[in-house]
Amino acid sequence: MTEECPSNIFLKYCKDHGVKKPNPEVVKLLREGTEIIDLSDNYLGNRGLLAMLDTLQHIPNCKSINLKGQKIYNTDLSPSSVKGNTMLDRLMEVAAVHPSLRVIDLSDNPLSNLAGRKLLELASKKDIITELGVSDTYIDGDLCKQIQQACKGNMEKNPPQPEIEPPEDEPAFGEVKWSGRKSVTADEQLGMQTMGMTKVRRKTVKGNSYDIEEVKRYLPPVYDKSPEDANNLREFLKGNLLFSHLERQAVDDCVKAMQSIDFTEGDEPCQEGKAGDVLFIMRTGSADVIKNTEIVDKKEPSGDAVFGELELMYDHPCVATIRISTPTATAWKMDREVYKNLVLVSAIRKREMHMEHLKKVKFLATLPDGDLIQLADALQTDEWDEGDTIIKHGTEGEFMYLILEGEVEVIGRNEKGEQLEVCKFSEGKNFGELEFMNNHPCVADVKATKRTRTARINRRHFEMCLGPVMGVLKRTTDGSDYDYYRQQLQSPTTTAGTL
């Protein structure tokens with residue numbers, strides 16, 4: 001194996017696999033250490049993951065890799081993209097021959113039993129594999145148990161290393177509280193680090209549990225801002241990774257909760273190695289980023305204006321010192337508690353809104369709440385301006401849409417192929433379901449007649465949540481109310497619009 005720096009090897013493989021913009025945080029991570037590689041908060045995509053797996057061959061000391069939440073699928077419907085099976089097969093190949101790899105976390109990925117069987121085979125043949133994370137996947141419970149039993153057997157075959165004392169202080173937000181046992185083995189701690197259960201791993205914002213009703217009652221702080229400041233801050237947050245996934249109302253709440261703070265030259269809002277839980281966005285002035293007493297970067301409004309995001313997201317000491325370098329400076333700030341509650345409120349509000357709309361969809365209305373919750377969490381929201389085409393005639397019908405607000409018009413074709421307005425749909429209605437259910441090309445255009453917001457779900461995501469679409473329909477469309485749907489499904493051709 002080569003002695004070249006792992007980060008440089010990763011960049012080379014990224015180029016080989018066609019990754020146009022390698023994730024800079026992953027490059028930084030590989031420079032800082034490679035015994036435990038935690039990618040749970042650094043999305044790579046299939047091509048980036050292939051580059052990482054190729055790099056892993058050159059890191060013989062790596063004991064653990066966390067691939068949690070990397071959106072790894074078993075298949076990919078697009079022929080031109082890298083298939084999920086290719087990535088999984090490559091992972092199995094690398095893990096099968098790697099000399100040290102013991103822990104692989106694939107939690108929170110839409111993996112099916114196909115992946116589960118491959119992981120079981122890996123654990124059965126490779127006896128140094130002692131932990132395979134498969135929680136929050138679509139692998140059957142019985143198969144998950146077999147995987148864990150195989151890993152447990154491997155742990156017994158490979159006696160644990162000397163014990164390491166657990167942390168003595170109170171567990172931080174998102175940690176596991178130590179109880180009963182006085183120590184854990186090195187292998188157990190390694191698994192816990194990968195799964196996010198000890199202080200070594202940077203922890204996510206999510207807590208282990210929370211009171212939904214209490215969270216819904218949360219009232220965020222509000223700080224006055226000029227309309228110009230509010231608009232500028234709103235546009236900035238929309239493009240920032242920590243806020244871009246939030247609904248419009250949640251972004252507005254974040255804007256209101258941002259507080260202005262003044263600095264003078266020499267102030268250090270973040271100090272390397274010390275605790276921090278506040279996000280800052282530079283408004284005026286500039287600051288030096290200092291690591292190991294050396295200036296390595298600069299923070300200023302016209303460039304990279306954000307700092308403290310790692311400290312906000314994780315219970316982690318400041319990774320660098322931020323020192324104000326101009327006579328005066330101002331910044332917006334938000335602490336972890338406010339951000340955590342706003343994210344939770346947004347998630348709960350979004351789920352409830354999506355649940356309400358899903359219950360209005362005829363072929364979903366009789367599904368149990370557990371299934372609807374899975375679908376609600378899988379929905380993606382989009383915003384459309386007047387005249388935007390949401391569905392194009394003749395394209396593959398892979399999405400079903402729910403109208404959250406606004407209006408759309410359905411434009412079909414007559415016998416001569418001329419455009420024909422079929423109908424209009426407004427808030428609370430859905431469209432695209434016939435193509436979604438039958439997996440056939442779209443038979444009409446669907447355009448927004450005004451500013452419109454929709455939620456959509458991909459056929460593949462639907463099937464990962466509930467199984468094949470046709471099977472769900474069979475379970476839920478026995479009544480006479482669904483005669484129309486059954487007729488459409490049985491018809492050799494569909495002449496109506498996307499109804």
Side-chain angles (χ1 to χ4, degrees), residues 6-32 34 36-59 62 64-95 101 104-112 114-115 118-119 133-134 136-139 194 196 202 204 238-246 309-310 313 377-382 396 398-399 456-465:
S7 59
N8 292 337
I9 298 174
F10 175 66
L11 291 173
K12 288 181 180 179
Y13 282 124
C14 282
K15 184 176 180 181
D16 291 344
H17 287 285
V19 180
K20 295 180 180 179
K21 294 182 179 180
N23 189 319
E25 291 299 319
V26 174
V27 175
K28 180 181 177 182
L29 181 151
L30 291 174
R31 288 173 181 161
E32 293 177 346
T34 55
I36 297 175
I37 299 177
D38 184 355
L39 303 175
S40 59
D41 303 300
N42 293 289
Y43 180 68
L44 289 178
N46 273 326
R47 298 182 189 277
L49 287 171
L50 286 171
M52 173 56 68
L53 293 175
D54 286 348
T55 303
L56 191 60
Q57 299 178 99
H58 302 274
I59 309 176
C62 180
S64 168
I65 184 165
N66 189 333
L67 301 173
K68 183 178 180 180
Q70 287 291 328
K71 300 182 180 179
I72 301 171
Y73 303 106
N74 290 121
T75 59
D76 196 311
L77 298 179
S78 174
S80 61
S81 67
V82 177
K83 293 186 181 295
N85 284 335
T86 303
M87 206 295 296
L88 284 168
D89 289 342
R90 186 64 181 136
L91 174 61
M92 297 303 113
E93 292 172 2
V94 173
L101 190 61
I104 304 172
D105 189 358
L106 289 165
S107 301
D108 196 21
N109 284 293
L111 298 174
S112 71
L114 173 64
K118 291 182 178 181
L119 290 170
V134 290
D136 296 320
T137 65
Y138 302 115
I139 301 173
T194 302
R202 299 177 300 181
T204 63
K238 286 179 181 178
N240 183 271
L241 182 63
L242 298 185
F243 302 91
S244 59
H245 67 285
L246 297 177
E309 60 266 49
L310 289 179
M313 291 290 289
D377 290 342
L379 288 172
Q380 295 177 293
T381 56
D382 299 290
E396 182 182 1
E398 59 176 325
F399 291 102
R456 61 185 166 95
I457 185 167
N458 183 284
R459 179 187 175 94
R460 179 179 57 197
H461 287 176
F462 184 99
E463 294 185 338
M464 287 177 174
C465 290

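Keep in mind that what you see is a predicted model, and the values were worked out from it rather than measured. In this chain, numbering begins with 1 at the start of the sequence shown. Just so it is clear, the values below take in all heavy atoms, side chains as well, and ignore hydrogens, waters and symmetry mates.
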Going by side-chain hydrogen bond (donor to acceptor under 3.5 Å, both in side chains), name the residues that satisfy it together with [X], two or more places apart in sequence or in a different chain.
X      : value
Lys28  : none
Asp54  : His17, Arg90
Thr137 : none
Asp382 : Arg456

Quick one: closest heavy-atom pair of [X] and [Y], and the distance?
X      : Y     : result
Leu29  : Asp38 : CD1-O, 3.1 Å
Arg47  : Gly18 : CD-O, 4.3 Å
Ala115 : Leu88 : CB-CD1, 4.0 Å
Leu119 : Met92 : CD2-CE, 3.5 Å
Pro22  : Phe10 : CB-CE2, 4.4 Å

Spacing of [atom1] belonging to [X] relative to [atom2] belonging to [Y], to within rounding of 0.5 Å:
X      : Y     : atom1 : atom2 : result
Gln70  : Ser40 : CD    : OG    : 8.0 Å
Leu44  : Asn23 : CG    : CG    : 5.5 Å
Asp105 : Ser64 : CG    : OG    : 8.0 Å
Met52  : Met87 : CE    : CE    : 11.5 Å
Leu91  : Leu49 : CG    : CG    : 9.0 Å
Asn66  : Ile36 : CG    : CD1   : 10.0 Å

Exercise for the section: May I ask you to test the Ile59-Ile37 pair for a side-chain heavy-atom distance under 4.5 Å? Expected result: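 The answer is yes; the side chains approach within 4.5 Å.
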Practice task
Mind running side-chain contact (heavy atoms from CB on, under 4.5 Å) on Val134 and Leu111 for me, showing each step along the way?
Solution key: CA-CA 9 Å; Val134 290; Leu111 298 174; 5.9 Å; no
Handout entry: Under the salt bridge (Lys or Arg N to Asp or Glu O under 4.0 Å) test, residues paired with Lys15 that sit two or more places apart
Key =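 Lys15 satisfies salt bridge (Lys or Arg N to Asp or Glu O under 4.0 Å) with no residue once adjacent residues are dropped.
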Practice task
Verify side-chain contact (heavy atoms from CB on, under 4.5 Å) between Leu50 and Val19, making sure each step is shown before the conclusion.
Solution key: CA-CA 10 Å; Leu50 286 171; Val19 180; over 6 Å; no
Practice task
Answer yes or no: is there a donor N or O on one side and an acceptor on the other, between the side chain of Thr34 and the main chain of Leu30, under 3.5 Å?
Solution key: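 Between the backbone of Leu30 and the side chain of Thr34 there is no qualifying donor-acceptor contact (under 3.5 Å).
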Exercise for the section: Mark yes or no for whether Asn109, through its side chain, and Leu67, through its backbone, hold a donor-acceptor pair below 3.5 Å. Expected result: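 Between the backbone of Leu67 and the side chain of Asn109 there is a qualifying donor-acceptor contact (under 3.5 Å).
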Practice task
Would you sort out whether Leu101 and Leu56 count as a side-chain contact (heavy atoms from CB on, under 4.5 Å), showing the intermediate values?
Solution key: CA-CA 9 Å; Leu101 190 61; Leu56 191 60; 4.1 Å; yes
Exercise for the section: Applying side-chain contact (heavy atoms from CB on, under 4.5 Å), name anything that partners Asp16, two or more places apart in sequence or on another chain. Expected result: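 Counting only residues at least two positions away or on another chain, Asp16 forms a side-chain contact (heavy atoms from CB on, under 4.5 Å) with Tyr13.
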